[in-house]
Participant: 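Got a structure for you, written out below as structure tokens; questions coming shortly.
The chain is numbered in sequence order, starting from 1. Scope of the values below: all heavy atoms of this structure, side chains included, with no hydrogens, waters or symmetry mates. Numbering of ligands and ligand atoms starts at 1, following listing order.
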Amino acid sequence: MTTICVIFPQLLGTYGDAGNGLVLHQRARRRGFETTLVSVEPGDELPDAAIYLLGGGEDGPQRLAADLLRESSLSRRVRDGARVFAVCAGLQILGQTFCIEGNDEYAGLGLIDATTKRGVTRSVGEIMTESQGQRLVGFENHGGQTDLGVGVDSMGRVLVGRGNDGAVDGYHVARIWATYAHGPVLAMNPWLADLILEDLLGSKLEPLSSAADLLYDERCRALAS
Ligand code: GLN
């Protein structure tokens with residue numbers, strides 16, 4: 001049984017990011033794969049999961065989540081082979097350092113060579129990127145600006161919006177995907193949910209027609225016009 005674990009949805013749940021777990025769970029089940037969806041809140045032990053999901057969060061909850069995760073088994077589990085999908089605050093927490101609450105710098109988990117400084121202005125609005133040969137759509141609302149270390153690939157090139165720095169969004173290294181896009185982003189981009197699921201399940205998935213797939217096509221058209 002493949003376990004999908006949403007981490008701290010009450011702290012890192014901006015714009016329904018916990019829904020990303022539900023999307024992976026349902027799209028797997030509709031193809032006949034048995035998955036279990038669980039979530040953990042502060043104080044809970046992290047279960048053994050195939051993938052952990054981190055969402056966005058306001059500065060205070062983000063700092064608390066980072067403090068708790070530094071003490072948790074997440075880094076070890078990822079080094080041992082677990083996957084992670086992270087959005088916004090989650091993206092920042094997995095990096096080396098991030099700045100929130102003015103210019104105070106906090107330590108991240110150091111799983112990714114990425115550092116987040118405070119941008120001059122907040123990045124708020126629609127975001128569309130060219131990611132993994134597809135269009136990734138969503139919306140962003142963050143004060144952070146993220147620099148990737150040498151050799152760390154982004155998720156994609158920004159076409160609309162800001163992402164990490166106006167040029168690229170997020171990062172993708174083996175077993176870890178991260179983006180600034182909310183939505184929940186996997187509901188808005190079914191292709192990305194399936195790409196992650198195929199990696200997770202080690203199996204090519206049959207196409208799935210759903211309302212989410214139709215809405216994705218419409219949104220791409222609207223943002224391109
Ligand atoms: N607190 C972070 C920032 O403002 C992340 C915001 C978010 O997750 N939407 O950059």
Participant: Ignoring hydrogens and angles, state whether a donor on the side chain of Thr116 or Thr146 is under 3.5 Å from an acceptor on the partner side chain.
Facilitator: yes
Participant: If you measure only the distance, is there a donor-acceptor pair under 3.5 Å linking the side chains of Asp17 and His182?
Facilitator: yes
Participant: Taking only residues two or more places apart in sequence, or in another chain, which ones meet Tyr106 in a side-chain hydrogen bond (donor to acceptor under 3.5 Å, both in side chains)?
Facilitator: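 side-chain hydrogen bond (donor to acceptor under 3.5 Å, both in side chains) list for Tyr106, sorted by chain: Arg63, Glu101.
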Participant: Around atom CD of Glu58, are there more than 12 heavy atoms of other residues, nucleotides or ligands at under 6.0 Å?
Facilitator: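 No.
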Participant: Going by side-chain hydrogen bond (donor to acceptor under 3.5 Å, both in side chains), name the residues that satisfy it together with Arg175, two or more places apart in sequence or in a different chain.
Facilitator: none
Participant: Please list, chain by chain and in numerical order, all residues satisfying side-chain hydrogen bond (donor to acceptor under 3.5 Å, both in side chains) with Arg70, sequence neighbours excluded.
Facilitator: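 For Arg70, the residues satisfying side-chain hydrogen bond (donor to acceptor under 3.5 Å, both in side chains) (neighbours in sequence not counted) are Asp67.
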Participant: When you pair each N or O of ligand 1 with protein N or O atoms, which pairs come out under 3.5 Å?
Facilitator:
unit_1, atom_1, unit_2, atom_2, d
ligand 1, 1 (N), Gly57, O, 3.1
ligand 1, 1 (N), Asp59, OD1, 2.7
ligand 1, 1 (N), Gln62, OE1, 2.8
ligand 1, 4 (O), Arg122, NH2, 3.4
ligand 1, 4 (O), Gly143, N, 2.9
ligand 1, 8 (O), Gly57, N, 2.9
ligand 1, 8 (O), Gly57, O, 3.4
ligand 1, 8 (O), Ala89, N, 3.1
ligand 1, 9 (N), Asn141, O, 2.9
ligand 1, 9 (N), His182, NE2, 3.2
ligand 1, 10 (O), Gln92, NE2, 3.1
ligand 1, 10 (O), Gly143, N, 3.0
ligand 1, 10 (O), Gly144, N, 2.9

